[in-house]
Amino acid sequence: MQRMSRNGKVIMAMSGGVDSSVAAWMLREQGYEVVGVFLRVGAHVHEPSADASLACPTLAATRRLRHGCCSATDAIDARAVAGRLGIPFYALNFEKEFERIIDYFVDEYARARTPNPCVMCNIRVKFGRLLQYADAMDAEFVATGHYARIVLGDGSDDCAVRLARARNLAKDQSYVLFGIRRDVLRRCLFPLGEATDKARVRQIAAELGLRVHDKPDSQEICFVPDQDYRRLVRQRRPDSVRTGEIRDSSQRVLGVHEGVAGFTIGQRRGLGLAAGRPVYVTRLDVLNNVVTVGDRDGLLAAGLVADAVNWLVEPSAGAVRAEIKIRHMSTPAAGLFMADGPDSFQVWFDEPQPAVTPGQAAVLYDGDGVVLGGGWIREAASEPAARPA
C-alpha cells in the first residue's frame with residue numbers, strides 16, 4: 001500500500017470501467033478522501049440516453065458489448081459507481097486538450113509514423129491537466145485504474161520514487177505511463193498495481209453490486225470507435241492522401257496505394273497485393289510517397305534511436321543493460337542503451353527485433369521491472385551500429 005500524507009484527498013479518474021471503479025473503492029477503504037471525476041473529451045459517438053440504457057435490457061447489453069472508453073454511457077456508468085460508493089463525482093470538460101491529442105494522432109500518421117494516443121493522453125491529460133485540477137481542489141494525489149506500481153524508497157527527494165511494472169505482468173500498463181514527469185510520480189496512485197488476478201477485481205465489483213463488473217475492457221481508440229483511423233486521417237489531413245507506388249526492396253513496382261498515411265511498419269493485411277507469399281511493410285517514404293514491402297527478415301532491426309526522452313531516473317554515463325519494450329503488448333527485449341544527452345538515447349538489441357516502428361515508444365526497464373525512462377522511436381537501425389563494450 002502506498003503512503004498517505006497529511007492530505008489524503010485523491011482525484012480518482014473514473015472511466016466507467018471495472019478497473020477504475022474497484023480502484024476507487026480500494027482507495028476509499030484505505031482511508032483516502034476520494035473524489036471521482038470523468039473526463040469528457042468530446043469524441044463521442046451517438047449512443048442511447050441514460051434513461052433508455054437503464055430501462056431497456058437490450059440497450060444495456062449493447063453498452064456491455066462496447067469496447068471503447070470516454071463515451072456518454074461510460075459517463076453514466078462512472079456516475080452510478082460513484083453514487084454506489086458514496087463519493088463525490090464531477091464530469092470535467094477536457095475537450096480542448098483532447099483535440100490536441102487527435103491532432104497529434106493524425107499528424108503522426110501523415111508523417112508516416114505510428115502514434116500512441118494513450119501514452120499522449122496520460123502525459124497531457126491524466127497526469128497533466130488533471131494534476132492541475134487536483135491542485136485547484138487542494139488534492140495531493142491523482143489516481144487511475146492502471147495496472148502499475150509506485151515504489152517508494154527512503155528519502156524525500158524525487159529520486160526515491162519509482163514507477164514499476166504491476167504484479168500482474170499480463171495486465172501491466174507501465175509502458176503507457178513512462179511519460180509521467182519524475183517530479184509528480186509521488187502524487188500518483190495506482191491501487192491495482194499489487195493485484196495479481198483480474199478475475200478477483202471483477203469479483204470485488206460484483207460483490208459491491210457494481211453493474212460494471214462484467215463490462216469488457218476498453219480496447220479501442222476512443223475517438224476512432226469504428227477502428228477506421230484512415231477515415232479520420234482523410235478527414236483531418238486530406239493533403240496526406242496521395243496516390244503512390246508500392247515497391248519491393250529492389251525498387252520494383254508491385255502496385256499502388258492511396259496514401260502513405262494508411263500504412264504502418266510491419267503491416268501485412270490490407271496491402272492490396274497478390275505477391276504469392278506473405279509480405280510486410282518495411283519502409284514508409286513520405287518525401288517520395290513510396291511504400292516498400294518485403295519479407296519478415298526485412299523488418300528486423302539491430303537497434304533504435306529514441307528522442308523526446310522522459311527520464312525517471314538519472315541516466316548513467318556509458319552503456320547500461322536493460323530490457324527494452326517497443327510496443328505495449330510486446331515482450332521486452334534484452335539489450336544495451338546509452339544516453340545521448342538529456343533528450344535522446346540509443347539502443348542495441350542482443351537479438352534483432354521485428355517492426356521497430358517510428359512514432360511508437362521505447363521504454364527502458366531494469367531487471368527488477370523499474371522503469372528507467374522512455375522516449376519516442378525516431379528511427380530503427382537495420383544494420384548493427386558500433387556496439388559499446
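These figures come from a predicted structure and were not determined experimentally.
- Atoms CG and OH, from Leu271 and Tyr280 in turn, are 10.5 Å apart once rounded to the nearest 0.5 Å.
- For Arg165 and Tyr365, the positive end sits near the middle of the six-membered ring, less than 6.0 Å away and at most 45° from its axis.
- Side-chain contact between Asp307 and Asp343 is absent, with no heavy atoms from C-beta onward closer than 4.5 Å.
- Atom NE2 of His328 sits about 8.5 Å away from atom OG of Ser174, to the nearest 0.5 Å.
- Using a distance-only test at 3.5 Å, with no hydrogens or angles considered, a donor-acceptor pair links the side chain of Tyr104 to the main chain of Asn116.
- In this structure, the side chains of Tyr32 and Leu189 come closer than 4.5 Å at one or more pairs of heavy atoms.
- Under a 3.5 Å cut-off, the side chain of Tyr175 and the backbone N or O of Ala361 do form a donor-acceptor pair.
- In plain terms, the two heavy atoms of Ala148 and Ala166 that are nearest each other are N-CB, 3.7 Å.
- Taking every heavy atom of both residues into account, Leu336 and Arg321 meet most closely at CD2-CG, 3.5 Å.
- With Lys215 contributing its side chain and Gly16 its backbone, the two residues share a donor-acceptor pair below 3.5 Å.
- Under a 3.5 Å cut-off, the side chain of Glu140 and the backbone N or O of Asp138 do not form any donor-acceptor pair.
- A salt bridge does not link Asp19 with Lys171: none of the charged nitrogens is closer than 4.0 Å to a carboxylate oxygen.
- Residue Arg84 qualifies as open at atom CZ: its count of foreign heavy atoms under 6.0 Å is 12 or below.
- Within the 4.5 Å cutoff, the side chain of Val106 has no heavy atoms near those of the Gln235 side chain.
- Between the CE atom of Met12 and the CZ atom of Phe38 there is a distance of 13.0 Å, given to the nearest 0.5 Å.
- In this structure, CZ in Arg200 is found 12.5 Å from CG in Leu192, a value given to the nearest 0.5 Å.
- Side-chain N or O atoms of Arg28 include one that pairs as donor or acceptor with a backbone N or O of Leu85 at under 3.5 Å.
- A salt bridge is absent between Asp197 and Arg202; no separation between the charged side-chain nitrogens and carboxylate oxygens falls under 4.0 Å.
- Under a hydrophobic-cluster definition in which Ile, Leu, Val, Met, Phe, Trp and Tyr are linked whenever side-chain heavy atoms come within less than 4.5 Å, directly or via other members, Val281 and Leu300 are assigned to different clusters.
- Interatomic distance, Thr144 OG1 to Phe127 CZ, rounded to the nearest 0.5 Å: 4.0 Å.
- When all heavy atoms of Val212 and Ser21 are compared, the closest pair comes out as CG2-OG, 3.7 Å.
- Phe105 and Val241 fall into different hydrophobic clusters, where Ile, Leu, Val, Met, Phe, Trp and Tyr residues are linked whenever their side-chain heavy atoms come under 4.5 Å apart, directly or through other members.
- A heavy-atom distance below 4.5 Å is not found between the side chains of Lys126 and Leu177.
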* Apply the test side-chain contact (heavy atoms from CB on, under 4.5 Å) to residues Arg237 and Asp103: give CA-CA distance (whole Å), side-chain angles for both, the deciding distance (0.1 Å), then the verdict. => CA-CA 9 Å; Arg237 300 294 182 270; Asp103 285 340; 3.6 Å; yes
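- Classification of Asp107 and Arg113 as a salt-bridged pair fails, no side-chain N sitting under 4.0 Å from a carboxylate O.
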* From CA spacing to verdict: side-chain contact (heavy atoms from CB on, under 4.5 Å), Ile102, Leu232 -> CA-CA 9 Å; Ile102 299 175; Leu232 182 65; 4.2 Å; yes
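- Around CD of Glu29, the count of heavy atoms belonging to other residues, nucleotides or ligands within 6.0 Å exceeds 12.
- When hydrophobic clusters are built by joining Ile, Leu, Val, Met, Phe, Trp and Tyr residues whose side-chain heavy atoms come closer than 4.5 Å, directly or via intermediates, Leu372 is not grouped with Met338.
- Shown here for Gln267 and Arg230, the closest heavy-atom pair between the two residues is NE2-NH2, 3.4 Å.
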* To do: May I have the step-by-step check of side-chain contact (heavy atoms from CB on, under 4.5 Å) for Met14 and Ile87, ending in yes or no?
  => CA-CA 12 Å; Met14 300 182 69; Ile87 62 175; 4.0 Å; yes
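- Salt-bridge annotation for Arg247 and Asp285: absent, with no side-chain N of the basic residue lying under 4.0 Å from a carboxylate O of the acidic one.
- Arg162 has its side chain out of reach of Leu312: every pair of non-hydrogen atoms, C-beta onward, lies at least 4.5 Å apart.
- In this structure, the side chain of Asn310 does not engage the main chain of Gly374 through any donor-acceptor pair within 3.5 Å.
- When each of Arg187, Arg181, Arg186 is paired with Asp183, the side chain to side chain donor-acceptor pair (under 3.5 Å) condition holds for Arg181 and for no other.
- Closest approach of Gln173 to Gly145, counting heavy atoms only: OE1-O, 4.1 Å.
- At least one side-chain heavy atom of Asp340 sits under 4.5 Å from a side-chain heavy atom of Gln346.
- Checked by atom type and distance alone, the side chain of Trp311 pairs as donor or acceptor with a backbone atom of Pro342 at under 3.5 Å.
- In this structure, Val151 and Ala164 approach most closely via the heavy-atom pair CG2-CB, 3.8 Å.
- Comment: Glu99 does not engage Lys96 in a salt bridge, judged by the lack of any side-chain N to carboxylate O separation of less than 4.0 angstrom.
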* To do: Starting from the C-alpha separation in whole Å, work towards a yes-or-no answer on side-chain contact (heavy atoms from CB on, under 4.5 Å) for Val22 and His213.
  => CA-CA 9 Å; Val22 172; His213 70 91; over 6 Å; no
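- Annotation: the span from Thr196 atom OG1 to Arg167 atom CZ amounts to 10.0 Å, rounded to 0.5 Å.
- Inter-residue side-chain proximity for Phe337 and Val347 is flagged as met; some heavy-atom pair is nearer than 4.5 Å.
- In this structure, Asn122 contributes its side chain and Ile180 its backbone to no donor-acceptor pair below 3.5 Å.
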Only pairs under 3.5 Å count here: list side-chain donor-acceptor contacts from residues 290-297, not counting sequence neighbours, and write none if there are none.
residue	atom	partner	partner atom	Å
Asp295	OD1	Asp297	N	3.3
Asp295	OD1	Gly298	N	3.3

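- Remark: side-chain polar atoms of Asp368 are not paired, donor with acceptor, to backbone N or O of Val370 under 3.5 angstrom.
- Ring-plane geometry between Phe223 and Phe98 is classed as perpendicular, the angle between the planes exceeding 60 degrees on a 0 to 90 degree scale with a lower cut at 30.
- One hydrophobic cluster, built from ILVMFWY side chains closer than 4.5 Å, cannot hold both Phe349 and Trp376; they sit in different ones.
- In this structure the side chain of Leu163 reaches within 4.5 angstrom of the side chain of Phe190, judged on heavy atoms.
- Of the candidates Val305, Val309, Ile324, Val309 is the only one forming a side-chain contact (heavy atoms from CB on, under 4.5 Å) with Phe345.
- The main-chain N or O of Ala355 is found under 3.5 Å from a side-chain atom of Arg327 such that the two form a donor-acceptor pair.
- Thr114 and Thr357 share no donor-acceptor pair across their side chains, judged by distance under 3.5 Å alone.
- Other residues, nucleotides and ligands contribute over 12 non-hydrogen atoms within 6.0 Å of the CD atom of Glu207.
- One hydrophobic cluster, built from ILVMFWY side chains closer than 4.5 Å, cannot hold both Val371 and Leu304; they sit in different ones.
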